[in-house]
Engineer: 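One structure coming up, written as structure tokens, with questions to follow.
In the text below, chain A, chain B and the rest are named by the order of the sequence lines, each starting its count at 1.
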2 protein chains.
Amino acid sequence: MAQKRASPKRERILDVAEELFALHGFDGVTIRQIAAGAEVDVALASYHFGKKLELFQAVFERRAMLLNNSRRDALHACQKEAGKKGPTVEQIIESFLRPLELAQETGDAGWRHYLALVAYVNNSPYWGPRMMSSAFDPLVGEYIEALRKALPKARDESLYWCYHNLSGALTLTLAQTGRIDRLSGGKCLSSDFQAAYDHMIPFVAAGFREVCNTP
Amino acid sequence: MAQKRASPKRERILDVAEELFALHGFDGVTIRQIAAGAEVDVALASYHFGKKLELFQAVFERRAMLLNNSRRDALHACQKEAGKKGPTVEQIIESFLRPLELAQETGDAGWRHYLALVAYVNNSPYWGPRMMSSAFDPLVGEYIEALRKALPKARDESLYWCYHNLSGALTLTLAQTGRIDRLSGGKCLSSDFQAAYDHMIPFVAAGFREVCNTP
DNA sequence: TTGAAAATTCAACAGATGTTGAATACTCTT
DNA sequence: AAGAGTATTCAACATCTGTTGAATTTTCAA
């Protein structure tokens with residue numbers, strides 16, 4: 001049943017589920033924990049979303065399109081600005097990463113939780129193939145085409161493996177495990193997405209150039 | 001109770017648990033599923049390992065020391081060979097990644113499952129801080145010191161963020177989600193660790209140089 | 001205000017879950 | 001072969017799980 005009236009408890013269920021699924025995964029969270037966190041009866045989750053799996057998908061899809069639109073706008077903007085010769089590798093990667101940071105700047109903790117959930121899904125051999133490709137692959141294809149244009153000598157395999165490295169570095173960042181905090185003795189913070197991207201962009205761009213410019 | 005006699009069923013429990021935990025995570029696997037997979041009674045897991053959490057830890061620790069030793073040998077070997085000036089960034093990263101590949105060459109599927117489990121743990125905001133640092137951080141510290149010596153101009157933050165990028169790219173590789181297979185239309189295979197490292201080593205080395213040579 | 005539709009709660013189910021204590025089978029030393 | 005120690009199974013528990021149908025409350029247009 002589609003919602004007909006504003007139902008704040010419905011949103012609270014999504015918010016709490018988002019946070020808990022990101023932290024413990026699909027099987028590590030019970031409907032009762034979500035209901036308790038949202039201060040809501042257990043049955044309400046089923047009423048609004050049906051099965052547990054459908055709630056999980058609803059959480060995943062709620063912000064997926066917003067994120068895709070934000071990224072697509074950033075990519076097209078830098079393509080328009082670069083003109084006929086096309087954007088540089090740095091500009092393309094920047095347009096891939098910075099939208100994630102803007103989402104954080106709103107101060108909304110929900111986006112932080114959501115990105116950790118995407119990291120969980122993307123890194124999972126079970127959920128990854130089931131949920132990532134339909135939601136994100138089309139836009140990723142656009143990015144890879146843009147990168148191919150910026151790196152004309154690149155072989156296909158090199159391009160995909162390089163994107164894989166970018167995706168991995170990004171995924172571990174979004175997961176916010178706090179491991180770098182301890183490893184660096186507090187010099188680096190998992191919560192500091194801006195610092196992460198400031199270092200990731202030149203790192204990844206240099207990697208692409210090294211691997212994709214030398215056939 | 002420590003095992004006093006050779007008990008093949010005990011090993012089978014560890015093998016099956018390794019595979020299932022890697023695929024579905026700690027909460028996504030039941031003791032009964034593990035017992036069924038190992039063709040063993042449910043109670044046997046408790047008899048050998050105690051609580052479910054202790055079984056999980058036993059699986060995680062079984063190969064941790066073997067992996068650490070293999071990596072430490074590789075690092076020390078390339079340090080010895082390089083002499084006083086120390087190994088290059090490529091050599092250090094090679095000694096970090098190639099042992100993972102050798103573990104696969106034995107043909108033992110167990111190592112493949114184990115590495116996917118490490119990826120799951122490392123990417124988890126819940127398990128990462130609890131299990132990774134005690135098992136792997138000491139050796140990671142050695143690697144970072146070696147990298148610092150090879151990149152004398154590097155600031156601490158740069159060094160840690162670059163290692164974070166390396167760790168992320170590696171983690172997604174170990175997870176073997178098969179996403180790159182679909183994305184590349186079969187040109188790249190998640191199961192091909194050698195191809196992954198062949199591209200990852202120059203990619204990451206170039207990234208380190210770019211970020212850590214320009215203060 | 002009334003009444004219907006939507007939102008929410010209540011109560012309960014059937015099945016699955018981790019764990020345990022007692023019972024049985026196995027293995028090896030003497 | 002006897003027997004002690006180990007490995008394994010059997011049977012059962014209390015608790016928790018997702019889900020559902022009925023009852024109740026809230027919302028809002030007429």
Engineer: Can the ring centroids of Phe21(B) and Tyr120(B) be said to lie less than 6.0 angstrom from one another?
Structural biologist: no
Engineer: So His24(B) and Tyr126(A), would you call those rings parallel, tilted or perpendicular, with 30° and 60° as cut-offs?
Structural biologist: tilted
Engineer: Does anything in residues 13-22 of chain B come within less than 4.0 Å of DNA chain D? Heavy atoms only, and list the residues if so.
Structural biologist: none
Engineer: Which residues satisfy the side-chain hydrogen bond (donor to acceptor under 3.5 Å, both in side chains) test with Glu157(A), sequence neighbours excluded?
Structural biologist: Arg155(A)
Engineer: Starting from P on dT17(D), measure out to CD1 on Ile34(A) and report it in whole angstrom.
Structural biologist: 11 Å
Engineer: Show the numbers, then the answer: is there a side-chain hydrogen bond (donor to acceptor under 3.5 Å, both in side chains) between Thr171(B) and Asn123(B)?
Structural biologist: CA-CA 7 Å; Thr171(B) 298; Asn123(B) 198 62; over 6 Å; no
Engineer: May I have all residue pairs that pass salt bridge (Lys or Arg N to Asp or Glu O under 4.0 Å) and include part of residues 114-137 of chain A, sequence neighbours excluded?
Structural biologist: Asp137(A)-Arg179(B)
Engineer: Can you name the residues that form a salt bridge (Lys or Arg N to Asp or Glu O under 4.0 Å) with Arg63(B), not counting sequence neighbours?
Structural biologist: Glu18(B), Asp108(B)
Engineer: Check whether any side-chain nitrogen or oxygen of His48(B) sits under 4.0 Å from OP1 or OP2 of dT6(D), and answer yes or no.
Structural biologist: no
Engineer: Are Lys9(B) and dT9(D) close enough that a side-chain N or O sits under 4.0 Å from OP1 or OP2?
Structural biologist: yes
Engineer: Could you list all N or O pairs between the protein and nucleotides 17-20 of chain C that sit under 3.5 Å apart?
Structural biologist:
unit_1, atom_1, unit_2, atom_2, d
dG18(C), OP1, Lys52(B), NZ, 3.2
dG18(C), OP2, Ile31(B), N, 2.9
dG18(C), N7, Arg32(B), NH1, 2.7
dG18(C), O6, Arg32(B), NH2, 3.2
dT19(C), OP2, Lys52(B), N, 2.9
dT19(C), O3', Lys51(B), NZ, 3.4
dT20(C), OP1, Lys51(B), NZ, 3.1

Engineer: Taking the six-membered ring for Trp, are Trp127(A) and Phe56(A) ring centroids under 6.0 Å apart?
Structural biologist: yes
Engineer: Which residues satisfy the salt bridge (Lys or Arg N to Asp or Glu O under 4.0 Å) test with Glu94(A), sequence neighbours excluded?
Structural biologist: Arg98(A)
Engineer: Leu44(B) has an atom CG; how far is it from atom P of dT9(D), in whole Å?
Structural biologist: 6 Å
